[in-house]
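Each remark here refers to the structure printed beneath this line.
Both backbone and side-chain heavy atoms feed into the values below; hydrogens, waters and symmetry mates do not. First the proteins, then the strands, lettered A, B, ... as listed; each starts at 1.
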Amino acid sequence: MTETDHPARLLAESVTLGYGDVPVSQDLDFAVADRAVTAIIGPNGCGKSTLLRALGRLLRPNAGQVTLDGRRITAIPPRQVARTMAVLPQSPQAPPGLTVADLVARGRHPYQSWYRQWSSTDAEHVDGVLELTGLLEQAERPLERLSGGQRQRAWIAMALAQQTDLLLLDEPTTFLDLTHQIEVLDLVRALNRDHERTVVMVLHDLNLAARYAHRLVAMRDGAVVSSGAPDEVLTPDSLARVFGLECTVIPDPVSGTPLVVPIGVADRSPSR
Amino acid sequence: MTDSPARPRPAAPKRRRSLRLGPLTLLWRTRPLLVALCVFAVLVVAFVRALLSFDDYPMGSADVVRTLVGGGDSGETFVLFTLRMPRALTAALVGAALGLAGAIMQSLTRNPLASPDTLGVTWGASVGAIAVIILGGSTGQVSGLVSRLGVPVGALVGGVLVSMVVFGLAWSSGLESTRLLLVGVAASLFCSNLVYWAMSWTQVQEASRAQTWLTGSMHAADWDRVGPAALALAVLLPLSLAAAHALRALTLGDDSARGLGVRVERARLLLLLIATLLACVAVSAAGPITFVALAAPQIALRLCKLAQPPLVTSALLGSALTLAADQIAAGLFTVSLPVGVFTAVLGAPYLMYLIVRRHREHHL
């Protein structure tokens with residue numbers, strides 16, 4: 001894995017995160033492995049999305065700081081951050097009738113200004129991204145007429161049009177059926193492998209996380225419980241700690257990565 | 001898996017070119033551009049018609065052209081430059097301000113029901129203006145100065161105050177919430193009742209002056225009203241076009257906009273302020289004219305087939321609509337109606353249509 005080869009560019013340093021007075025995480029440290037795919041996993045409400053939002057500058061920490069390339073992220077002009085790091089929020093909304101090409105074009109925002117609202121460079125990048133995400137044929141179609149997977153790819157395409165090295169994705173596969181989940185994750189993998197992009201994503205499906213991420217970070221109650229390669233994090237012990245669920249872990253017959261097989265109450269045989 | 005060799009390659013994408021206007025470069029879009037030109041043509045026709053009619057004074061197109069270049073007799077000059085021209089210009093400017101204000105508010109809230117009328121700004125501005133008209137009249141102030149400065153300032157103060165209250169109260173639940181509209185409607189009702197209450201205890205003379213103004217009227221248009229409105233629009237229109245860039249990102253939601261590098265709070269406040277000021281300018285020049293700000297952006301949006309109301313086209317369409325409505329209201333019945341009454345009659349069913357449509361979209 002590539003994770004130890006490069007120093008982290010994006011760091012959360014003893015951050016306290018929350019909405020209003022309700023703290024979600026306290027004194028949390030987190031380093032994003034550079035040029036790797038990191039998946040944040042954990043039960044609902046464990047603070048995964050909150051951490052991602054803080055890393056993506058969508059949420060200001062109540063204490064501590066997030067740094068990007070050694071600088072406090074709130075001290076960097078927003079447009080410059082947006083040229084270094086793209087964030088795809090959870091279930092984003094587009095106005096009805098917005099076409100794929102128009103959505104992707106909005107990803108060029110950080111490179112534009114109030115007087116220079118479009119350039120031939122913008123056009124080239126939009127075309128390039130549409131091709132990369134396989135959406136050329138859908139370019140002029142409104143988002144609501146696409147399949148769930150295509151729509152999610154269009155949003156990722158918008159983030160890609162920002163031409164950033166870092167990509168943060170908040171639950172990019174939620175509400176997608178399995179085929180479309182794989183479609184999106186294959187794209188993420190290609191982006192990392194062929195374009196050396198650093199990806200951090202929040203995922204619910206542990207087995208897909210293990211298959212597509214180089215590094216897993218398991219959270220519970222706002223704290224990081226364990227992190228490392230998938231086979232270090234997805235052990236019956238740590239799964240019991242993180243999810244409070246009894247599991248057995250076997251090698252994935254396709255990829256060899258850990259495959260989590262949960263054991264419900266009804267599945268427990270008396271001999272166990 | 002066999003890839004059939006005959007599989008057609010996806011067509012090369014249409015390269016999106018840019019449109020240069022001096023220092024400004026915009027994305028070239030053929031259809032919206034054509035629509036804007038067509039609407040502009042309609043606006044010109046409506047404006048010319050306004051110069052030709054409105055009153056019974058016999059003046060053909062040849063007379064109008066002759067008077068325009070300075071060759072008319074004193075009667076013709078008076079009719080054209082003191083009666084018709086200010087009225088047509090007021091209608092055009094007010095309509096543009098309303099169309100633009102509506103387009104900004106609808107984009108910002110992502111709600112086709114949002115407009116200065118439904119969010120209380122129009123009525124807030126009316127309270128301010130009416131207060132000046134009534135108080136200024138009864139305390140015997142110099143009426144010329146009061147109407148020139150007092151009414152616009154009163155409208156501005158009232159409109160901005162109500163806008164602050166409405167958006168302030170709804171801010172926490174997000175601008176896209178139904179709460180915003182509910183608060184806005186409540187503020188509208190409150191302010192309109194305040195106006196009627198104020199009128200019920202004033203003297204007949206002030207009340208009737210206020211009443212004419214309140215129904216949204218171009219009768220009283222004169223150069224004193226055209227000047228400030230034109231000046232305000234000359235400042236606010238370029239500002240809106242500059243802010244349109246951030247507005248495009250804001251329609252994707254706060255988080256996405258922040259991810260794109262927009263300073264969300266600042267941009268939103270600026271846009272709200274621009275829209276509110278535009279509405280106040282319109283109200284102070286012609287009284288509360290409803291419907292235009294609500295409908296023009298939606299019509300422009302549908303004509304252009306875009307996802308959010310185009311600002312310039314909405315302004316042009318608002319202009320054309322107001323000019324046309326003023327002419328129809330003046331000529332349709334034997335008694336010439338104030339344009340505000342006419343647009344209100346058009347607006348009510350349109351608003352109901354929007355509400356029903358939105359209701360269906362959300363519940364089916």
*With A:R9, the side-chain hydrogen bond (donor to acceptor under 3.5 Å, both in side chains) member among A:T67, A:D165, A:T84*: A:D165

*B:S115 side chain near B:M105 side chain, heavy-atom distance below 4.5 Å*: no

_Shortest non-hydrogen contact from B:A114 toward B:T109_ = CB-OG1, 3.2 Å

*What part of A:A101 gets closer than 4.5 Å to chain B, counting heavy atoms only: side chain, backbone, both or neither?*
both

*Just give me the residue among B:K305, B:Q308, B:R248, B:R263 that pairs up with chain A most often, heavy atom to heavy atom, under 4.5 Å.*
B:R248

*What distance separates A:Q150 CD from A:E137 CD, expressed to the nearest 0.5 Å?*
9.5 Å

_Interface moiety of A:L59 toward chain B, non-hydrogen atoms closer than 4.5 Å_ = neither

_Does any backbone or side-chain atom of B:L301 lie under 4.5 Å from a heavy atom of chain A? Answer side chain, backbone, both or neither._
neither

*Of all the heavy-atom pairs spanning A:V202 and A:K48, show the shortest one and how long it is.*
CG1-CE, 3.5 Å

_Region of A:Q162 in contact with chain B, defined by heavy-atom distances below 4.5 Å_ = side chain

*Where on B:R29 is there a heavy atom nearer than 4.5 Å to chain A: the side chain, the backbone, both, or neither?*
side chain

*asked:* For A:P96, which atoms come within 4.5 Å of any heavy atom of chain B: side chain, backbone, both, or neither?
replied: backbone

*Is there a donor in the side chain of B:S256 and an acceptor in the side chain of A:R106, or the other way round, less than 3.5 Å apart?*
no

_Best-contacting candidate, B:A249, B:G261, B:A246, B:A242, against chain A by heavy atom pairs under 4.5 angstrom_ = B:G261

*asked:* Is A:S113 close to chain B through its backbone or its side chain, or both, or neither, when contacts mean heavy atoms under 4.5 Å?
replied: backbone

*asked:* Can you see whether A:Q112 engages B:H245 through a side-chain donor-acceptor pair at a distance of less than 3.5 angstrom?
replied: yes

*NZ/NE/NH1/NH2 to OD/OE distance under 4.0 Å, A:R108 and A:E124*: no

_Just so I understand: if I count every heavy-atom pair under 4.5 Å between each of A:D102, A:T164, A:V126 and chain B, which residue has the most?_
A:D102

_Residue part contacting chain B, namely of A:R53, when any heavy atom lies under 4.5 Å_ = side chain

